[in-house]
Amino acid sequence: MTPTSPIPGLPAFLAALDAALGTRIGRTLTSSSHGSDVYEAYLFAIVLRAAMDCGLSVRLENTAGRATTTLRLRTAPSHIDSGNFTHAVLSRSDGTEELEVHTGVYVTGTSGAEHECDVVVLQRNDRRQRRRQSRRSPRSSAVVWAMEAKFYVPNNVGIAKAREYFGLNLELSGNSGRRTALVVTRSGSSVEKVFARHTPAGHFYRGVYPGQLAADNLRAHVRQILARHLA
Amino acid sequence: MDETAADRAEADLRGILRSRGLAWLEQQVDEGLSLSSGQQSEPPSASVRLATLIEAVAFAFELVEGIEAGTIELLLGRSAVSDELLKVEAVEFADPLGREEPRRLARVSDEEGDSAMDALRAATELLQGEPGIREEP
């Protein structure tokens with residue numbers, strides 16, 4: 001810090017920044033989290049609210065399948081049945097259909113390679129099959145829908161993530177091409193152009209954070225996905 | 001403000017970001033600047049780089065504050081359709097490999113955090129009004 005800065009407001013800004021980094025927000029903006037952990041939690045919460053909008057019942061469960069009231073989410077990807085983490089179970093009132101919502105788990109793509117899904121809605125019956133077959137990851141065919149989340153701060157980045165997304169979408173969706181979306185806080189306009197050219201609506205959401213129309217649109221899209229799946 | 005002064009100010013800001021574990025934020029800004037300069041066929045000036053960094057830092061804090069509050073609101077709100085409430089008592093973030101201590105998401109904002117955010121907003125506003133700090137064209 002320079003007390004004799006040629007920019008009069010800079011020392012005050014640096015001091016304010018330093019103070020803010022010592023608060024609860026500083027604990028989220030860490031070198032390992034990059035803000036991504038809380039962003040995934042936010043998107044997870046959007047999925048749960050969309051499920052409730054559809055009349056589904058939502059309960060939280062830990063990895064062992066026991067009910068919990070602590071939402072414990074991963075800060076790095078891991079296999080779905082490892083560690084003590086929380087997922088949500090979405091059920092119809094008559095119990096005829098159940099889905100699970102997870103964050104930061106690996107899913108096996110159509111090629112057999114594993115991929116991280118930031119937020120994923122899975123068919124719950126894959127759980128029994130997975131355990132019977134001693135598989136560590138759900139198969140892509142069990143994916144109802146998945147979100148790739150990116151906490152971007154500048155408004156001119158993201159093209160590399162867009163390129164990666166198309167590979168992930170192919171791996172998780174196969175020929176259907178309908179099971180994933182890229183959701184970002186901010187990104188460059190070139191990212192939007194790529195999606196507009198190569199995908200129908202519903203695969204790319206930019207500007208998703210509280211108070212933004214894009215967040216409402218995403219929630220509406222998740223409702224559609226769930227309603228279509230349950231129909 | 002001359003470009004040398006902006007250069008020094010930028011170095012100060014980058015030093016703070018690195019020392020507080022925010023090098024990732026710097027990298028995102030640099031990636032964006034690099035893409036923009038490729039489109040404009042000239043590298044960004046020091047004052048543009050500085051303005052971009054300041055905006056990114058301020059936005060990151062606003063974003064996290066909004067997302068934390070938004071997450072809590074979504075998790076604790078009652079469903080308009082079924083009147084159902086989610087039974088969530090705490091939100092935790094944990095590393096599957098145990099490399100860091102689990103963190104908890106605060107359910108309510110705290111006075112210290114609120115006043116730090118207010119001070120940062122005010123300082124950002126003042127700084128963005130300084131002559132010589134200019135937005136990317």
Side-chain angles (χ1 to χ4, degrees), chain A residues 1-2 5-10 12-14 16-35 37-39 41-42 45-46 48-49 52-53 55 57-58 60 69-76 78 82-83 85 152-157 159 185 188 209-211, chain B residues 1 5 8-9 12-13 16 20-25 28-29 31-32 35-36 52 54 56-57 59-61 63-71 74-75 79 81-82 84 86-97 100 103 105-106 110 112-113 116-117 119-120 123-124 126-127 130 133:
Chain A
M1 200 180 300
T2 50
S5 171
I7 304 170
L10 188 66
F13 176 78
L14 295 179
L17 173 60
D18 215 33
L21 282 167
T23 65
R24 67 183 197 284
I25 290 173
R27 290 192 287 280
T28 297
L29 285 174
T30 62
S31 56
S32 55
S33 158
H34 302 192
D37 302 337
V38 75
Y39 195 46
Y42 171 65
I46 285 182
L48 303 198
R49 295 302 297 194
M52 290 161 91
D53 294 344
S57 146
V58 179
L60 300 181
T69 54
T70 297
L71 180 58
R72 189 178 165 92
L73 302 177
R74 296 167 179 82
T75 60
S78 77
S82 68
F85 293 98
Y152 281 135
V153 176
N155 56 13
N156 49 4
V157 293
I159 191 70
T185 47
Y209 52 93
Chain B
M1 180 180 57
R8 273 170 41 208
D12 288 343
L13 179 50
I16 286 215
R20 299 305 293 262
L22 298 182
W24 61 270
L25 204 157
Q28 282 194 5
V29 169
E31 183 193 333
L35 287 168
S36 302
T52 310
I54 290 166
V57 169
F59 183 68
F61 277 79
L63 201 51
V64 165
E65 188 180 50
I67 289 171
E68 285 193 350
T71 303
L74 285 167
L75 290 173
S79 164
V81 176
S82 61
E84 187 185 7
L86 277 172
K87 293 182 185 74
V88 182
E89 284 172 3
V91 181
E92 274 183 11
F93 300 99
D95 180 6
L97 299 177
E100 55 184 9
R103 286 179 287 119
L105 192 61
D110 59 290
E112 188 201 3
M117 277 300 294
L120 184 62
T124 306
L126 270 178
L127 192 54
E130 298 268 3
I133 294 183

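Residue numbering restarts at 1 for every chain, and letters A, B, ... go by the order of the sequence lines.
Proximity of A:Tyr39 to B:Leu63: side-chain heavy atoms (C-beta onward) are nowhere separated by under 4.5 Å. Side-chain contact between B:Val91 and A:Val38 is absent, with no heavy-atom pair separated by less than 4.5 Å.
The structure places CZ of B:Arg103 at 5.0 Å from CG of A:Asp37, a figure rounded to the nearest 0.5 Å. Atom-to-atom distance recorded for A:Leu14:CG and B:Ile16:CD1 is 4.5 Å, nearest 0.5 angstrom. Interatomic distance, A:Thr75 OG1 to B:Phe93 CZ, rounded to the nearest 0.5 Å: 9.5 Å. Note that CG of B:Leu25 is 7.5 Å distant from CG of A:Leu29, once rounded to the nearest 0.5 Å.
In this structure, chain B has a heavy atom under 4.5 Å from the side chain of A:Leu60, while its backbone stays farther away. Residue contact with chain B, scored on non-hydrogen atoms closer than 4.5 Å, involves the side chain of A:Thr23 exclusively. For B:Ala23, no part lies under 4.5 angstrom from a heavy atom of chain A. Both the backbone and the side chain of A:Arg24 come within less than 4.5 Å of a heavy atom of chain B. For A:Thr28, the parts sitting under 4.5 Å from any heavy atom of chain B are the backbone and the side chain alike. Both the backbone and the side chain of A:Leu21 have a heavy atom closer than 4.5 Å to some heavy atom of chain B. In this structure, chain B has a heavy atom under 4.5 Å from the side chain of A:Phe85, while its backbone stays farther away. Residue contact with chain A, scored on non-hydrogen atoms closer than 4.5 Å, is absent for B:Leu126. With a 4.5 Å cut-off on non-hydrogen atoms, B:Leu120 touches chain A through its backbone and its side chain both.
In this structure, the side chain of B:Glu84 engages the main chain of A:Val58 through a donor-acceptor pair within 3.5 Å. Looking at B:Glu31, its side chain never comes within 3.5 Å of a backbone N or O of A:Val157 through a donor-acceptor pair.
When all heavy atoms of B:Ala60 and A:Val153 are compared, the closest pair comes out as CB-CG2, 3.8 Å. Residue A:Asn156 comes nearest to B:Leu35 through the heavy atom pair O-CD1, 3.3 Å, listed as atom of the first residue, atom of the second, then distance. Minimum heavy-atom separation, B:Pro96 to A:Ala76: CG-O, 3.1 Å. Here the closest non-hydrogen pair linking A:Gly9 and B:Leu127 is C-CD1, 3.6 Å. In plain terms, the two heavy atoms of A:Ala20 and B:Phe61 that are nearest each other are CB-CE2, 3.5 Å. Contact record, A:Pro210 with B:Gly66: CG-O, 3.1 Å, taken as the closest heavy-atom pair.
When the salt bridge (charged side-chain N to carboxylate O under 4.0 Å, His left out) test is applied to A:Asp53, the partners found at least two apart in sequence or on another chain are A:Arg219, A:Arg223. In this structure B:Ser79 satisfies the side chain to side chain donor-acceptor pair (under 3.5 Å) test together with B:Ser82, sequence neighbours excluded.
In terms of non-hydrogen atom pairs under 4.5 Å with chain A, the most contact-rich of B:Val81, B:Leu22, B:Val29, B:Ile67 is B:Ile67. Highest contact tally toward chain A, considering only B:Ala123, B:Ala94, B:Ala69, B:Ala119, is held by B:Ala94 [criterion: heavy-atom pairs under 4.5 Å]. Ranked by non-hydrogen atom pairs under 4.5 Å with chain B, the options A:Ala19, A:Gly26, A:Gly188, A:Ser57 are led by A:Ser57.
The only member of A:Leu48, A:Thr69, A:Leu71 that meets side chain to side chain contact (heavy atoms under 4.5 Å, CB included) when paired with B:Leu86 is A:Leu48.
Using bins of under 30°, 30° to 60° and over 60° for the plane-to-plane angle, the ring pair B:Phe59/A:Tyr209 lands in the perpendicular bin.
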